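These figures come from a predicted structure and were not determined experimentally. For ligands, and for the atoms within them, numbers begin at 1 and follow the listed sequence.
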Amino acid sequence: MASLYKMRISDLSGIGAKRAALFNKLGIYSVGDLLNFYPRSYEDWNSVTKIENLESGGVFCIRAVLGTQIVNSRTGGGRIISKGTVYDDTGTLQIIFFNNKYISSMLKSGKEYYFYGKVTADYNIGQMISPTFSLVSEGAVIRPAYKQTAGLPSKTTANAVRQALSLLPKEIKDPLPEQVRRTFGLCGLKQALNDIHFPADSNALDNARRRLVTEELVVLNLGMRSLREHSRGESGIKINKDFSTDFEKLLPFEFTRAQKRVVEECVADLTQKIAPMNRLVQGDVGSGKTAVAASVCYTVIKNGFQAAFMAPTEILARQHYHTFCKLFESADINVALLTGALKESEKKKIRAQLACGEIDLIIGTHALITDKTEFKNLGLAVTDEQHRFGVAQRAKLLGKGENPHLLVMSATPIPRTLGLIVFGDLDISIIDELPPFRKPVKTMLINELKHKRAYEFIKNEISKGRQAYIVCPLVEEGELDNVASAEEYAAELMLREFSNIPVGIVHGRMKPSEKEEVMNKFSAGEYSLLVATTVIEVGVDVPNATVMMIENAERFGLSQLHQLRGRVGRGGEQSYCILVSNKESPETKQRLEVMCSTNDGFKIADEDLRMRGPGDFFGERQHGLPQMSIADFADTKSLELSQKVADYIMFVYKNLCNDELRLLKNEVDRLFMHGGQNSLN
Ligand code: ADP
Ligand code: MG
C-alpha cells in the first residue's frame with residue numbers, strides 16, 4: 001500500500017498529463033490518494049422502480065428492455081441526439097442521450113438493462129435523460145458517485161479506481177493489526193477499499209465505512225495523544241507547596257464542590273508531575289472559572305514565581321484586572337495591567353517592573369506576547385476563553401518562561417467526545433456546577449408579531465433600573481434578505497420604541513476602540529440598552545443586565561445562543577432571554593425549543609453537534625484539525641468507538657513505536673503532515 005503513494009496517477013493506463021492535472025485539482029496525486037478518494041454518494045441499483053411508478057423530477061433505477069435500436073439525429077446546432085424506447089411489464093419510457101455517437105453501438109435492442117437517471121415528462125411521454133446503464137446479466141450493483149470537476153466525470157474516476165484496486169497485491173499490509181480488527185469486528189483494509197468503492201450490497205458498504213472511519217479517527221486520536229505526551233519536557237518551575245486553602249479565605253464566597261475539585265486537579269499537576277501542567281478548564285458560562293484560575297495563580301505566586309493571565313480583549317482584561325486587584329488587596333501580591341490601549345510610557349514602565357520581578361501577576365491582552373514583554377520568572381500562563389487564541393499564541397506566551405505551567409480556560413462547552421480529540425493535547429477538568437442561588441435564565445421563543453410586547457417588557461425592566469441587550473445578526477454582503485443591520489435597526493428603535501432611553505450600538509465594522517467605549521459606557525450604566533451584532537464579548541460581566549433579546553435567532557447555532565444568553569443572569573435578579581424567530585419550520589422550532597428547555601451548556605452542545613455538525617463550536621476560528629477524508633466529527637458513535645480502539649491499542653502495544661504499529665504510525669505522520677496541523681510545529 002505504501003508504495004502506491006509513490007506511484008503517480010499518470011502511471012495508470014488511460015491517464016495522460018491532461019487528465020492527471022484534473023485529478024490533481026481534486027487533490028489526487030498518487031494511486032494511493034486515488035484509493036483514499038472515497039465516493040461522495042452511491043447510486044443504489046438494487047432498488048428498481050417499475051416504469052408505471054416513475055415520477056417526473058425524481059432519480060430512479062429501472063430494469064427494462066431496449067425495444068428499438070437507438071436512433072441518432074442532429075439538431076440545428078449540429079448536436080447529436082440519440083433516442084430509444086425501453087419497456088418493462090408496466091409501460092414504456094424514452095431514453096435520450098446527447099452528443100455521444102457511440103451510444104447506438106453500446107446499447108443493443110432486445111437486451112435487458114438497468115438504467116439509472118433523472119426522469120422528466122415531455123408531452124406526457126416519460127423520458128430519462130442521459131441515464132447510466134449496465135446489462136442486467138452483469139448483476140445489480142451499488143455504483144459509486146465521485147466528486148467531479150469539469151472534464152472529469154464520476155465514471156472516469158470510477159474506472160481509474162477500478163484499475164488502482166486491481167494493482168493491489170493479493171495480501172496488503174494493514175495499518176490496524178489483526179488482533180485489533182478481530183477485537184472490534186473490523187474488516188481488513190483490502191476488503192474495505194474494495195467495498196467502499198464498489199460494494200456488492202449495503203451491508204458490505206456499511207462494514208467498509210465503519211472500518212475506514214474508525215481507522216481515520218484512531219489515527220487522529222493517536223496523533224493528538226502523542227502531541228500531548230511529547231510536546232512538553234520537564235518543567236523548570238518547581239512548585240512545592242499548595243496554598244489553595246489560604247486562597248479560599250480571600251474569597252467573598254465559598255467555592256462550589258466542582259471548583260474545589262478542579263483546583264485540586266491543577267495543584268496536583270503543579271506539585272506532583274515532572275512535566276508542566278497542561279490543563280484545560282471547561283466550565284459553562286458563569287460557573288466561576290476566574291476564581292479557579294485565581295487560586296492557581298495564588299499558589300504559583302506564593303511559591304515565588306510570576307503568573308500571566310491573557311484575555312482576548314481589552315474589555316475582558318480590564319474586567320479581570322479589577323477582579324484580581326480586589327481579590328488580592330490584602331494578599332501582598334502586586335497586580336498590573338498590560339494592554340495595547342495603554343500609553344507607550346506606561347507600557348514601558350510596566351514591562352520594566354515585569355522584567356525585574358516587581359510585578360507578581362500581570363493581566364493583559366496580546367500585548368503580553370509581544371517580543372518586548374519579558375518576565376523575571378514566569379511560572380504560570382493562563383489564557384481565558386481559549387477558543388479565541390490559536391495554539392501558536394499559547395505557545396508564544398509559554399515561551400516567556402522556562403517551560404512554565406499552562407492553564408487554559410474555555411466556556412465553549414464542547415461535547416465530550418469531540419473535546420477529547422480537539423483538546424487531545426490538553427488534560428481536561430470540567431466545572432460542572434453553577435454557584436448556588438443562581439436563578440436560571442427564563443427563555444422564551446416568540447415570533448415578530450409579538451415584538452411590541454417584548455419591547456414593552458424590556459422597557460418595563462429598564463424602568464426598574466435594569467439593562468438589556470438586543471442582538472441582531474449582521475447582514476452579510478450580497479445577502480438579499482430582509483434582516484435588519486444593527487445600525488438601521490438601532491436607529492429605528494431609538495426613534496420609535498426607546499426614544500426616551502439611552503441606547504448604545506456596537507457592530508462589526510466599528511474600530512476596537514470605538515466598541516470599547518460603547519461597552520464601557522454600557523458597563524458603567526450610561527446606556528440602558530445595547531443593540532449589538534454578535535460582537536458582544538464572550539465573558540463580559542454586567543450583572544445589572546437582565547434581558548437578552550435575540551433577533552432572527554434561527555441564524556445562530558445553539559452554542560452561540562447559549563453564549564449570548566450567558567450575558568444575563570449574572571446578578572441576583574431574575575433574568576430573561578427572548579428568542580425572536582419567524583421561521584415556521586418544525587426543525588427550526590425544535591432547535592430553538594432546546595434553548596427554552598435547558599440552561600445546561602453541555603446538553604445544548606450535544607444537541608448542536610447532532611443537528612449542525614462541529615463547525616459552530618469554534619466560531620470563525622478553524623478548529624485546526626486535519627481534514628478528514630471519510631470521518632465526520634458529528635458522528636458521536638464513531639468518535640466513541642475510535643476512542644476505545646485507541647485506548648486498546650495503547651494498552652496492548654504500549655507505544656506507537658512498536659513494530660506492529662509501524663504502518664499506523666506512518667498514517668499518523670501522513671495525516672498531520674498533510675493537515676498542516678500547526679500544533680505540531
Ligand atoms: P465564568 O466561568 O463564566 O468565567 P466568572 O468567573 O466570571 O464565570 O464568575 C461568574 C460570577 O460568579 C462572578 O461574579 C463570580 O464572582 C461569581 N462566583 C464564582 N464562583 C462563585 C461561588 N462559588 N459562589 C458564588 N459566586 C461565585
Ligand atoms: Mg470568564
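For atom 24 (N) of ligand 1, the nearest non-hydrogen atom from the set G283, G288, P435 comes from P435.
Taking a cut-off of under 4.0 Å to the non-hydrogen atoms of T256, the atoms of ligand 1 that pass are 23 (N). Set against the non-hydrogen atoms of T290, the atoms of ligand 1 under 4.0 Å away are 4 (O), 5 (P), 6 (O), 7 (O). In the vicinity of E254, heavy-atom distances shorter than 4.0 Å reach the ligand 1 atoms 22 (C), 23 (N), 24 (N). Listed by atom number, the atoms of ligand 1 under 4.0 Å from R570 heavy atoms are 3 (O), 7 (O). Here is the list of ligand 1 atoms found below 4.0 Å of a heavy atom in Q259: 19 (C), 20 (N), 22 (C), 23 (N).
The local environment of NZ in K238 is crowded, with over 12 non-hydrogen atoms from other residues, nucleotides or ligands closer than 6.0 Å. At most 12 non-hydrogen atoms from other residues, nucleotides or ligands lie less than 6.0 angstrom from CD of E374.
When each of E264, R279, R261 is checked for a side chain to side chain donor-acceptor pair (under 3.5 Å) with S429, only R279 meets the rule.
Judged by distance alone, with hydrogens and angles left aside, the side-chain atoms of K400 form no donor-acceptor pair with the main-chain N or O of L378 at under 3.5 Å.
Contacts of Y321 classified as ring-ring contact (aromatic ring centres under 6.0 Å, His included), with partners at least two apart in sequence or in another chain: none. Taking N544 as the reference, Q467 meet the side-chain hydrogen bond (donor to acceptor under 3.5 Å, both in side chains) condition, with sequence neighbours excluded.
Of the polar atoms of G286, at least one N or O is found under 3.5 Å from an N or O of ligand 1, judged by distance alone.
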